[in-house]
S.K.: 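Pasting in a structure now, in structure tokens, and then I'll have a few things to ask.
Bear in mind the structure is a predicted one, so any value in this text is a computation, not a measurement.
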Amino acid sequence: MAESKSAKLLVEGKELELPILSPTAGPDVLDIRKLYAQADVFTYDPGFTSTASCDSTITYIDGDKGELWYRGYPIEQLADQSHYLEVCYLLLYGELPNKDQLADFETRITRHTMVHEQMHYFFRGFRRDSHPMATMVGVVGAMSAFYHDSIDINDPVQREIASIRLIAKVPTIAAMAYKYSLGQPFVYPRNELDYASNFLHMCFSVPAEPYHVDPALSRAMDRIFTLHADHEQNASTSTVRLAGSSGANPFACIAAGIACLWGPAHGGANQACLEMLREIGSVERIPEFIARAKDKNDPFRLMGFGHRVYKNFDPRAKVMKESADEVLDLLGVHNNPTLQVAKELERIALEDEYFVSKKLYPNVDFYSGIILEAMGFPTSMFTPIFALSRTVGWISQWKEMIADPQNKIGRPRQLYVGSPRRDYKPLDAR
């Protein structure tokens with residue numbers, strides 16, 4: 001960052017000069033770190049829509065242009081030419097690996113996919129009908145009770161070991177949560193399978209018969225992982241950073257991120273989208289729901305359209321739409337009523353002046369839900385798969401924060417609007 005400019009701010013007759021920081025890409029940032037000390041005032045920014053909480057070298061989003069970069073690489077190029085573990089390496093270490101580096105990284109991930117055998121008993125404490133996200137929050141948080149040799153955040157070696165373990169074991173934990181909800185036996189990971197294929201195998205195979213992972217489905221799964229790997233300072237990433245700023249161990253921080261991701265406004269959006277499509281039920285009922293979406297007095301809103309960050313087409317959605325078409329063609333499920341509703345809604349959203357003018361294009365959640373349902377996943381597994389994908393982004397952001405010399409415990413300010421000071425009254429005087 002370069003302090004090439006400054007801004008003058010007048011506060012009750014006192015003029016302040018605030019530095020303006022220039023990033024590699026994106027708008028300049030007004031540095032207000034000394035504002036309170038110099039002027040005895042805070043800034044007020046609910047939702048942090050205009051506030052940079054940190055500097056980062058990992059992910060960049062231009063919402064107006066519809067661009068998303070991982071370490072400078074456009075997401076479209078990575079999704080088309082790369083694969084998830086290569087993207088993981090990029091996010092963790094800052095550069096794309098050469099062949100030897102990638103082979104070593106893939107081996108390290110593969111050799112850590114099994115979980116401690118005693119963790120199997122931990123699952124038995126949950127009800128069978130528990131949401132898989134509830135199970136994941138508990139089990140991932142409990143990893144610190146099993147892996148004591150990787151919780152010292154001040155040791156770079158332990159931070160590296162924790163990072164590898166989380167990327168390797170969260171898919172296994174997600175698959176175990178799914179199997180537990182079905183009452184089926186846990187399936188151990190297979191070292192000869194790639195990352196996405198291994199996850200599908202752990203979710204859908206049973207001991208009674210062999211299971212073949214279709215390469216096209218594995219590729220679609222890998223793309224879902226890649227497209228969700230990181231997304232700048234979103235709610236769950238900010239949660240991981242805030243938890244990490246206190247010095248909490250990495251497993252606790254990632255569990256905090258999973259808990260935040262669970263919300264329907266964040267990671268649960270693709271589940272909410274598919275549930276909305278099921279509520280609509282048939283193509284004939286679409287006009288009714290379109291009218292409701294346009295009615296300002298109706299609380300109904302179309303899920304899976306538009307995005308808080310992207311004021312243009314979500315670049316991830318373009319890639320996801322291609323995968324959706326490929327998966328639907330492969331599986332031959334075009335007659336599914338829910339998918340028919342989705343296709344018609346997509347057509348309307350891309351043509352209707354109301355949606356086009358407001359730039360309410362189908363987003364990544366719209367298409368990912370369609371793909372995951374076609375693969376056979378229940379909606380309850382959509383968010384755990386998102387958590388699995390985002391784990392590497394959370395870890396990369398956490399590691400960057402820990403290594404930042406400016407890192408300090410997060411402590412947002414507030415605008416207090418409660419009662420002024422008052423004196424306590426005895427009970428019989430009230």
S.K.: I'd like a table of donor-acceptor pairs (distance under 3.5 Å, sequence neighbours excluded) in which one partner is a side-chain atom from residues 72-84, with atom names and distances.
M.R.:
{"residue": "S82", "atom": "OG", "partner": "E86", "partner atom": "OE1", "Å": "2.5"}
{"residue": "H83", "atom": "NE2", "partner": "E106", "partner atom": "OE2", "Å": "3.0"}
{"residue": "Y84", "atom": "OH", "partner": "S389", "partner atom": "O", "Å": "2.8"}

S.K.: Can you tell me how far apart CD (Q397) and SG (C54) are? Round to the nearest 0.5 Å.
M.R.: 6.5 Å

S.K.: Is it the case that the side chains of R165 and S150 hold a donor-acceptor pair, with the cut-off being a distance below 3.5 Å and no angle test?
M.R.: yes

S.K.: Enumerate, atom names and distances included, each donor-acceptor pair closer than 3.5 Å involving a side-chain atom of residues 200-217, sequence neighbours excluded.
M.R.:
{"residue": "S205", "atom": "OG", "partner": "H201", "partner atom": "O", "Å": "2.5"}
{"residue": "D214", "atom": "OD1", "partner": "A216", "partner atom": "N", "Å": "2.8"}

S.K.: Can a side-chain donor-acceptor contact be found between Y367 and E346 if the only test is distance below 3.5 angstrom?
M.R.: yes

S.K.: May I ask you to decide if the ring planes of W69 and Y60 are parallel, tilted or perpendicular, using 30° and 60° as cut-offs?
M.R.: tilted

S.K.: Using a strict 4.0 Å threshold on nitrogen-to-oxygen distance, state whether K321 and D314 make a salt bridge.
M.R.: no

S.K.: State, to 0.1 Å, how close C253 and V240 come at their nearest heavy-atom pair, and which atoms those are.
M.R.: O-CG2, 3.5 Å

S.K.: What heavy-atom pair brings V341 and I286 nearest, and what distance separates the two atoms?
M.R.: O-CD1, 3.8 Å

S.K.: Please determine if R285 and E279 form a salt bridge, counting it only when a charged side-chain N lies under 4.0 Å from a carboxylate O.
M.R.: no

S.K.: One pair to check against ring pair (Phe, Tyr, Trp, His ring centres under 6.0 Å): F366 and F305. What are the steps and the verdict?
M.R.: CA-CA 7 Å; F366 183 82; F305 293 84; 5.0 Å; yes

S.K.: Does any N or O in the side chain of H112 come within less than 3.5 Å of the main-chain N or O of R108, such that one atom is a donor and the other an acceptor?
M.R.: yes

S.K.: Does either side chain, that of Q271 or that of E275, offer a donor lying less than 3.5 Å from an acceptor on the other one?
M.R.: yes

S.K.: Mind checking whether D31 and I20 have side chains closer than 4.5 Å, heavy atoms only?
M.R.: no

S.K.: What do the steps show when you test Y70 against I58 for side chain to side chain contact (heavy atoms under 4.5 Å, CB included), and what is the final call?
M.R.: CA-CA 6 Å; Y70 291 168; I58 300 173; over 6 Å; no

S.K.: Taking all heavy atoms of V87 and all of A229, pick out the closest pair and write down the distance.
M.R.: CG1-CB, 4.4 Å

